[in-house]
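Here is the structure we will look at.
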Number of protein chains: 2
Amino acid sequence: MKTKDKIIHAAIELFNLQGEQNVTTNHIAAHLGMSPGNLYYHFRNKEDIIQAIFDRYAEQLNLLFGLDDNSGSESVGGLRTSMRYMEAVVGLMWQFRFIYENLPDILSRDVVMAEKYRQIQEPVYGLMTRHLLGLRAQGILLANDEDLDALLHLMKQVLIFWPAYLHTLTPGGNITKAMVYGVVPRVFFMFRPYMAPEALDELRQLEQYFQDKASQSRVKEGVDA
Amino acid sequence: MKTKDKIIHAAIELFNLQGEQNVTTNHIAAHLGMSPGNLYYHFRNKEDIIQAIFDRYAEQLNLLFGLDDNSGSESVGGLRTSMRYMEAVVGLMWQFRFIYENLPDILSRDVVMAEKYRQIQEPVYGLMTRHLLGLRAQGILLANDEDLDALLHLMKQVLIFWPAYLHTLTPGGNITKAMVYGVVPRVFFMFRPYMAPEALDELRQLEQYFQDKASQSRVKEGVDA
DNA sequence: GTCTATACAACGATAGAC
DNA sequence: GTCTATCGTTGTATAGAC
């Protein structure tokens, strides 16, 4: 693994564990048994490191949501696809939780990153809009345009700030992957009043699936920290 | 006005305007045309100032939610009371928005404040639980215990992180009071599927009331910054 | 590429005169 | 109560040898 990658990796780990603001460039270097000077050979400054992490985040996001394949054949998908999206979100939320935990702070400190963030998120919400419209076309979701939009934005806010919310609830401040999975039933709860009765059964199954996931990761907690 | 109060006042203003972490004790002193030494005569350190602000916040919260009057005569109230609560929340969110905008950060930096925060919030959510149960008893709200609890926690998260969410949406990062009012229709939207049909009309009136409020403050924007 | 050593700036906080 | 002056610490970042 290249030194640059090692630094990025260590930075993510320390940021997640101790909070981005509590981790200095010296900490990162020390954690790698490396001199601060060496770190600055590979990165201009701390912001530069965070930006590199953001790029990784964007990469994974595009990959998981299939935003790269410009094959034009975007599968609308049913509730199974919704589930895949939720898994992607939860995975990213865990992997890059320091971003979610201090979003306003990180964005307000660097205008470039704020712009980058919005450009990363935008296509995802385009995709989600099309996905919800698809669910409605299939008769799974029963809602007018206005309600669909409200649901989308509500979901957006709840998802983005879920790690931050967990952070305020836990005294020590350390959240677990199982806790992150806890957002799924909440999102489903918001959609339930708008689900077609026939689809409720499948939704229940998906909810069960996520509950199992949550307990699985509760067992192997710390392994994939 | 006593110097101590002036400092608190200035601190709140600067924190709200520029973000708590971007405001140093020197900035506060300079803003008041005062020496740093003088500021430190009145407060032991920066945390001390923030704690004082927290105490003010708690005071106002207790006042607005009537948590002081231990007369035992807690009026359960209908939707008009819900409205009063919403106004209280929005008002506090605006007045102390820097707290809401960087909650995880502020709490993680100071364990004492984290505990204080939880002790401030707790009775409010007790009150809100009783209020929602009251609405159900009056036939305004139709939901089982589980759904009521889910609604409460969802509302809690949406409200607390509304200013932070707005912060991520606005490029400059400066939010307005009118924008803060925007959370009200979202909260109402979450409850709508569980409202009794007879109550929907009154809900619509309340929504109109808040829309007017929002445009009013849009006009006098900056006056009560 | 990596190290040691160090410059530099910012901020928090204090001492002591008035 | 308020000032001026200043210290100490910490974190960012660079210079220059290896």
Can you tell me how far C1' of dG1(C) sits from CG of D5(A), to the nearest Å?
15 Å

Using the rule side-chain contact (heavy atoms from CB on, under 4.5 Å), only one of L103(B), L166(B), N102(B), D105(B) pairs with P104(A); which is it?
N102(B)

What residues, two or more places apart in sequence or in another chain, satisfy ring pair (Phe, Tyr, Trp, His ring centres under 6.0 Å) together with F191(B)?
none

Got a sec? Which of residues 25-35 of chain B come in under 4.0 Å of DNA chain C, heavy atoms?
T25(B)

I need the NZ-P distance between K4(B) and dT2(D), as an integer number of Å.
13 Å

Sequence-distant partners of F96(A), ring pair (Phe, Tyr, Trp, His ring centres under 6.0 Å), two or more places apart:
Y57(A)

When you measure from the side chain of W94(A) to the backbone N and O of V89(A), does any donor-acceptor pair fall under 3.5 Å?
no

If you measure from the Lys or Arg side-chain nitrogens to the Asp or Glu carboxylate oxygens, is any gap between K46(A) and D110(A) under 4.0 Å?
no

Does F188(B) have any ring pair (Phe, Tyr, Trp, His ring centres under 6.0 Å) partners at least two apart in sequence or in another chain, and if so, which?
none

By nearest heavy atom, map P36(A) and T3(B) onto DNA chain D; which one lands nearer the 5' end?
T3(B)

Is any side-chain heavy atom of H31(B) closer than 4.5 Å to a side-chain heavy atom of E13(B)?
yes

The correct set of residues in residues 104-113 of chain B placing a heavy atom under 4.0 Å from DNA chain C is none

Under a 4.0 Å threshold between the charged nitrogen and the carboxylate oxygen, would E207(B) count as salt-bridged to R192(B)?
yes

Can you tell me if the side-chain N/O atoms of N38(B) get under 4.0 Å from OP1 or OP2 in dG1(D)?
no

Interface with DNA chain D, restricted to residues 40-53 of chain B and to heavy atoms under 4.0 Å:
Y41(B), H42(B)

F54(A) side chain near I120(A) side chain, heavy-atom distance below 4.5 Å
yes

If you measure only the distance, is there a donor-acceptor pair under 3.5 Å linking the side chains of T25(A) and Y40(A)?
yes

